[in-house]
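We name chains A, B, ... by the order of the sequence lines, and we start the count at 1 in each one. Since we're looking at a predicted model, the values are computed, not measured.
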Amino acid sequence: MGKNSLPLSFYQSYDTLTLAQKLLGCELVHDSPDGITSGIIVETEAYLANDPACHAYNRRTARTEPMYSQAGTIYVYLIYGMYQCVNVVSNAEGIGEAVLIRALQPVQGIELMHQRRSLIETKTAKKIKAVTVKELCRGPGKLVKAMGIERDLHNNQLLDESTLYINKPEFLDFEIASSVRIGINVGVALPYRFIIKNNLFVSK
DNA sequence: CCGGTGATGTTC
DNA sequence: AACATCACCGGG
């Protein structure tokens, strides 16, 4: 928390495709009761209002309503019954767009991230094999688990008095590469995925 | 490869 | 009320 965190005006200053790139190199921080965890954002995807892969595409419902609120709002959703993903809402109020955070390079609270990732919530709660630091936040479901992001953050804002916020860029000198997005069936040709080129913490 | 898992949106 | 869909992950 403090002077390094991005103000709402930052999220409001760019269109969604630009914001998805501007967030690369910034530090996502979660100040939870268990401790602080954080990581550099190394991979994002943009979801636009005219984009069939976007949850808010031709839909304005209870679930997608936060996507229509002001930029800097947090959109968390359940996917495949088991995993949560976190998005930064973008663009003006009334336009349903967001940026999905897909991978982090862990910085703070790495031990806590390991603890959170070490169990899966099956009936048996059996242990999964040990993960390396590189694997801790490599994927949208994994990073939400490692960061301890819960559904209660949904529809909150990324203010510095929030428990979840984003700091100004830690990395400044890098190249951005773009590609098609992962795991979707529509809008497959759109090059709306952005990564820090040559970063080892990007997902496959 | 393939199945687990449950909310959501759409259709009937 | 029933069904198809899904911005994922881990086991094999």
Side-chain angles (χ1 to χ4, degrees), chain A residues 11 15-17 19-21 23-24 28 39 41-69 71 73-91 95-104 106 113-155 158 164 177-196 201-204:
Chain A
Y11 307 106
D15 64 87
T16 301
L17 288 172
L19 182 66
Q21 295 167 76
L23 287 174
L24 295 175
L28 180 68
I41 298 169
V42 299
E43 176 177 352
T44 60
E45 283 178 359
Y47 287 87
L48 272 57
N50 64 357
D51 158 17
C54 180
H55 286 178
Y57 177 70
N58 285 346
R59 285 189 212 104
R60 185 164 183 166
T61 63
R63 178 172 71 143
T64 61
E65 188 58 30
M67 293 183 75
Y68 289 87
S69 55
T73 300
I74 301 163
Y75 175 60
V76 180
Y77 67 92
L78 177 72
I79 188 68
Y80 298 112
M82 310 171 76
Y83 304 100
Q84 309 265 93
C85 295
V86 65
N87 298 249
V88 178
V89 171
S90 53
N91 216 321
I95 300 177
E97 304 194 340
V99 176
L100 171 66
I101 309 298
R102 283 197 56 90
L104 303 176
M113 288 185 182
H114 271 111
Q115 289 170 21
R116 287 172 173 153
R117 285 291 314 283
S118 68
L119 293 179
I120 51 176
E121 277 84 40
T122 63
K123 290 158 196 150
T124 58
K126 74 174 178 188
K127 281 203 87 121
I128 60 171
K129 68 181 175 201
V131 298
T132 66
V133 174
K134 206 168 78 171
E135 294 165 329
L136 272 179
C137 298
R138 190 168 67 178
K142 291 175 179 177
L143 78 87
V144 162
K145 187 80 196 285
M147 292 284 286
I149 294 170
E150 307 279 354
R151 198 60 196 270
D152 59 7
L153 287 165
H154 180 60
N155 207 20
L158 289 165
L164 186 69
S178 66
S179 69
V180 297
R181 294 168 295 182
I182 310 278
I184 55 173
N185 303 305
V186 288
V188 291
L190 298 169
Y192 291 171
R193 173 173 176 253
F194 301 98
I195 66 170
I196 291 184
F201 296 85
V202 168
S203 78
K204 295 283 165 56

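Between A/Q84 atom CD and C/dC6 atom P there is a gap of 19 Å when expressed in whole angstrom units. Rounded to whole Å, atom P of C/dA7 lies 21 Å from atom CZ of A/R138. Between the P atom of B/dC2 and the OH atom of A/Y80 lies a distance of 15 Å, rounded to the nearest Å. Between the C1' atom of B/dT8 and the NE2 atom of A/H55 lies a distance of 10 Å, rounded to the nearest Å. Counting to the nearest Å, the C1' atom of C/dA7 and the CZ atom of A/R63 are 10 Å from each other. In this structure, the CG atom of A/D51 is 10 Å from the P atom of C/dA7, given to the nearest Å. If you take CE of A/M82 and P of C/dG11, they are 10 Å apart, rounded to a whole angstrom. For the pair A/Y83 OH and C/dT5 P, the interatomic distance rounds to 21 Å; values are reported in whole Å.
A/R181 comes within 4.0 angstrom of nothing in the nucleic acid, heavy atoms only. Among the atoms of the strands shown, none is found under 4.0 Å from any heavy atom of A/R193. Contact annotation for A/N87: base contact, defined as any heavy-atom pair under 4.0 Å involving a base atom. Counting any heavy atom pair closer than 4.0 Å across all strands shown, A/L78 reaches sugar-phosphate atoms only and no base atom.
Phosphate proximity of C/dC9 to A/R117: absent, as no side-chain N or O sits under 4.0 Å from OP1 or OP2. The side chain of A/N185 contributes an N or O atom lying less than 4.0 Å from OP1 or OP2 of C/dC6.
Nearer to the 5' terminus of DNA chain B, by closest-nucleotide assignment, is the contact made by A/I79 (compared with the other of A/R59 and A/I79).
Between A/E135 and A/K142, none of the side-chain N atoms (NZ, or NE/NH1/NH2) sits under 4.0 Å from a carboxylate O, so this pair counts as no salt bridge.
Residue A/P140 has its side chain nearest to C/dC8 when only B/dT8, C/dC8, B/dG4 are considered. Residue A/M67 has its side chain nearest to C/dA7 when only C/dC8, B/dG9, C/dA7 are considered. Distance from the side chain of A/K142 is smallest to C/dG10 among C/dG10, C/dA7, B/dT10.
Considering only heavy atoms from C-beta on, A/V131 comes within 4.5 Å of A/H114 through its side chain. Using a 4.5 Å cut-off on side-chain heavy atoms (C-beta onward), A/R102 and A/I182 make contact. Residues A/Y11 and A/L23 meet the side-chain proximity criterion, which asks for heavy atoms closer than 4.5 Å.
With a cut-off of 3.5 Å on both Watson-Crick or G-U wobble distances, the partner of C/dA4 is given as B/dT8.
Applying the 3.5 Å distance criterion, the base of B/dA7 shares no donor-acceptor pair with the side chain of A/Y77.
Test A/H55, A/H154, A/E65 against A/Y75 for side chain to side chain donor-acceptor pair (under 3.5 Å) and you get one pass: A/H55.
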